[in-house]
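Throughout, protein chains are lettered first and strands after them, A, B, ... in sequence-line order, and every chain is numbered starting at 1. None of the values given here were measured: they were computed from a predicted structure.
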There are 2 protein chains.
Amino acid sequence: MELTPTGTVILGFLSEGEKSGYDIKTQVDKSTRFFWTASYGQIYPELRRLKDAGMIEEAGPSEGERKRIAYRLTEDGRRTFEQWLLAPASTLEMRHEGLLKLFFADSVDTRHRQDLISGIAQQHREKLDQLKAVEAGIEQADDELACDLVLRFGIEFQEWIIDWCERETRRKEA
Amino acid sequence: MELTPTGTVILGFLSEGEKSGYDIKTQVDKSTRFFWTASYGQIYPELRRLKDAGMIEEAGPSEGERKRIAYRLTEDGRRTFEQWLLAPASTLEMRHEGLLKLFFADSVDTRHRQDLISGIAQQHREKLDQLKAVEAGIEQADDELACDLVLRFGIEFQEWIIDWCERETRRKEA
DNA sequence: GCTCCCATGTAATTGGTTACATGATTCA
DNA sequence: TGAATCATGTAACCAATTACATGGGAGC
């Protein structure tokens, strides 16, 4: 069966253990958010579809827990997830308004162009702070865990962009 | 008036001179595509809306040209464009399936995890080739032009990611 | 008892891609 | 004359956000 974009991230998180829609949303927000988002409006309907397709099943609430609906992968779901994981990735998209503005900045003066570069740096500094906060929440940053590796990628990635902006600013000043 | 995402890129390209919907699509594909896409299904209806809103007007075909509809900015359109340019950027999104797979790769063995990293590098190598082809098409890469600056950003950005993947691969081998 | 957070869900709207339809012009 | 490219446009569909509605439980 075809996986929707949100379907992949749901199966991915469920491959780590039982989770509810709320859990998945929480985890997305503090981990994959920087390269793969999902909203409640997508998650809950998609959980329904995956269940109807037999890829996940309700695990029911644990003892003494407040009312919630946890799901787990079925055999079929795990197979589909692993197939997805090993298939070549395709989706690779970026929408970066700051770069778009800079691209069209030939009509404005140098000072404003510099402001645009500063603005880009600022946006990525905020992302960097968020990622570092996530990193601080991990006991020991274990590079052997793939998810920590991706987190580290995210941090270095933001740092590179910020550095590019600063280099460019210095180059202009010189 | 509120600008839609596609509206911004249309005003941006028209700020450089008269262009048709077809022209805009062609230019998007060989320049902003890497951080801002647009399809015919968005461009043509949006041209209509911008015209109805009085931001652009038909310039008509030039002498001896084949049938086409070129547009130019109105005063109002130029003002809106400049306001957008100087306002803080907001949209900053990425959807990177390769990173998502790597993030969930703890359940697979080291070899497959390495394949995922190689796959990411490969995707960005292709992007890099495309960008270099664009760069080769420019007479002299003039860093003083903002659009060339963004092109160079794109190239170095791809190179950084490829380098990260290679560093990570070597680190694993060691 | 009030507020905050947990938790699930839907409806309206937006934004976008893809595939298709159509036809003119250029060039081999 | 046939293929490629220029050129405009629409319809069907997909994906996603946002805002809203609802209610239970925890802790002050």
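A:Tyr22 is linked by a ring pair (Phe, Tyr, Trp, His ring centres under 6.0 Å) to nothing, counting only residues two or more places apart in sequence or in another chain. Remark: A:Glu159 pairs with A:Lys132 by the salt bridge (charged side-chain N to carboxylate O under 4.0 Å, His left out) rule, at least two apart or across chains. Checked against salt bridge (charged side-chain N to carboxylate O under 4.0 Å, His left out), A:Asp129 has no partners two or more places apart in sequence or in another chain. With sequence neighbours excluded, the residues satisfying side-chain contact (heavy atoms from CB on, under 4.5 Å) with B:Leu100 are A:Thr8, A:Val9, A:Thr32, A:Phe35, A:Trp36, A:Trp84, B:Phe104.
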Enumerate, atom names and distances included, each donor-acceptor pair closer than 3.5 Å involving a side-chain atom of residues 86-94 of chain B, sequence neighbours excluded.
{"residue": "B:Ser90", "atom": "OG", "partner": "A:Glu97", "partner atom": "OE1", "Å": "3.1"}

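Atom CD in A:Glu58 sits about 12 Å away from atom C1' in C:dT8, given to the nearest Å. Atom OH of A:Tyr71 is separated from atom C1' of C:dG9 by 10 Å (rounded to the nearest Å). Atom NZ of B:Lys19 and atom P of D:dC6 are 16 Å apart (whole Å). Distance A:Ile10 CD1 to D:dA16 P: 11 Å, rounded to the nearest Å. Residue A:Glu46 contributes atom CD, which lies 9 Å from atom P of D:dA16 at whole-angstrom precision. Between the CZ atom of B:Arg49 and the P atom of D:dT10 there is a distance of 11 Å, rounded to whole Å. Look at NZ on A:Lys25: it is 15 Å from P on C:dA7, rounded to the nearest Å. Note: CZ (A:Arg68) to C1' (C:dC5) measures 14 Å, nearest angstrom.
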Contact pattern, 5' to 3', of nucleotides 15-20 of chain C - B, S or - by protein heavy atom under 4.0 Å: SBBB--
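Electrostatic pairing of A:Asp52 and A:Arg49 does not count as a salt bridge here, judged by no charged N lying under 4.0 Å from a carboxylate O.
Here A:Tyr22 does not reach the OP1 or OP2 of C:dT8: none of its side-chain N or O atoms lies under 4.0 Å away.
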